[in-house]
Visitor: 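My structure is below; once you've seen it, I'll send some questions.
None of these values were measured; they are calculated from a predicted model. In what follows, every chain begins at residue 1, and chains take the letters A, B, ... in the order their sequences are listed.
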Amino acid sequence: GSLVETKDEL
Amino acid sequence: MNIFRLGGDLAHLLAIIILLLKIWTTRSCAGISGKSQILFALTFTARYLDLFTNFVSVYNSVMKVVYLAAAYATLYLMYVKFKATYDHNHDTFRLEFLILPAAGLALIINHEFSIIEVMWTFSIYLEAVAILPQLFMVSKTGEAESITSHYLFALGSYRALYIVNWVYRYYSEGFYDMIATLAGVVQTVLYCDFFYLYITKVLKGKKLQLPA
């Protein structure tokens, strides 16, 4: 489930 | 958020500020590749399409707005306000050679085939190679002003710190993103030659000049 978590980066 | 990630963001912010201040105070964008700046503006426009749909934190939203505003402000200074100082004769890299492969790859290798996800992936691939016109320009003229070197060093450090952040996140959270990590490694590797010259020359007070 990296799809959502990675979006907290810039 | 860990210290490496924060360090990466701040290095990125520092790079953007160095570039804007350099152009503003010298009233000149000599030695800066407008092509690379176009690619960065495109990168952050494609990546931050989720600004209004995916709220993460105030920090996250503010940084996105700052990066976007700075990218377009840089383009304005280069292509409008100080257009006469733009060194376009040395900025000859063909943008389509980077944009088209990045777009094609994003359509093939992505986490999910949706508009927002493909655009995010495109931005990751494009950012990895966005500095090439700038490095090409430095190699063409054979030198870079110290301030341009500091800009490039801060910009290169940003993704290098993100890699450390990804290693840290993998061990502490079990989190990893193969697309971001591989592209980030490519992006950082492109700076290696420059890092070497920066450490061996610029930090010793010499101008960055490429060996003949």
Visitor: Show the atom names and distances, to 0.1 Å, of all donor-acceptor pairs under 3.5 Å that link a side chain in residues 94-102 of chain B to residues at least two apart or in another chain.
Guide:
residue: B/Arg94; atom: NE; partner: B/Glu96; partner atom: OE2; Å: 2.7
residue: B/Arg94; atom: NH2; partner: B/Glu96; partner atom: OE2; Å: 2.9

Visitor: Counting a contact as any heavy-atom pair under 4.5 Å apart, which residues of residues 155-162 of chain B contact chain A?
Guide: B/Tyr158, B/Arg159, B/Tyr162
Visitor: With a sphere of 6.0 Å drawn around CG of B/Leu203, does it hold more than 12 non-hydrogen atoms of other residues, nucleotides or ligands?
Guide: yes
Visitor: What pairs of donor and acceptor atoms, side-chain ones from residues 31-44 of chain B against any protein atom, are under 3.5 angstrom apart with sequence neighbours left out?
Guide:
residue: B/Ser33; atom: OG; partner: B/Lys35; partner atom: N; Å: 3.3
residue: B/Ser33; atom: OG; partner: B/Ser36; partner atom: N; Å: 3.1
residue: B/Ser33; atom: OG; partner: B/Asp91; partner atom: OD1; Å: 2.8
residue: B/Ser33; atom: OG; partner: B/Asp91; partner atom: OD2; Å: 3.4
residue: B/Lys35; atom: NZ; partner: B/Asp91; partner atom: O; Å: 3.1
residue: B/Lys35; atom: NZ; partner: B/Phe93; partner atom: O; Å: 3.0
residue: B/Ser36; atom: OG; partner: B/Ala130; partner atom: O; Å: 2.7
residue: B/Ser36; atom: OG; partner: B/Gln134; partner atom: N; Å: 3.0
residue: B/Gln37; atom: NE2; partner: B/Tyr151; partner atom: OH; Å: 3.0
residue: B/Thr43; atom: OG1; partner: B/Leu39; partner atom: O; Å: 2.9

Visitor: To the nearest 0.5 Å, what is the distance between CZ (B/Arg169) and CG (A/Asp8)?
Guide: 4.5 Å
Visitor: Give the C-alpha distance, both sets of side-chain angles, the deciding distance and a yes or no for side-chain hydrogen bond (donor to acceptor under 3.5 Å, both in side chains) between A/Glu9 and B/Asn165.
Guide: CA-CA 10 Å; A/Glu9 294 184 345; B/Asn165 153 63; 3.1 Å; yes
Visitor: Got more than 12 heavy atoms from elsewhere within 6.0 Å of CZ, B/Phe55?
Guide: yes
Visitor: Name each donor-acceptor pair under 3.5 Å that joins a side chain in residues 184-199 of chain B to protein atoms two or more places apart or in another chain, with its distance.
Guide:
residue: B/Gln187; atom: NE2; partner: B/Glu127; partner atom: OE2; Å: 3.0
residue: B/Thr188; atom: OG1; partner: B/Gly184; partner atom: O; Å: 2.9
residue: B/Tyr198; atom: OH; partner: B/His150; partner atom: ND1; Å: 2.8

Visitor: Step through the shown structure and confirm whether more than 12 heavy atoms of other residues, nucleotides or ligands are within 6.0 Å of OH on B/Tyr170.
Guide: no
Visitor: Looking at B/Asp9 and A/Leu10, what are the two nearest heavy atoms and their distance?
Guide: OD2-CD1, 3.3 Å
Visitor: As an exercise, state the distance from NZ of A/Lys7 to OG1 of B/Thr53, rounded to the nearest 0.5 Å.
Guide: 11.0 Å
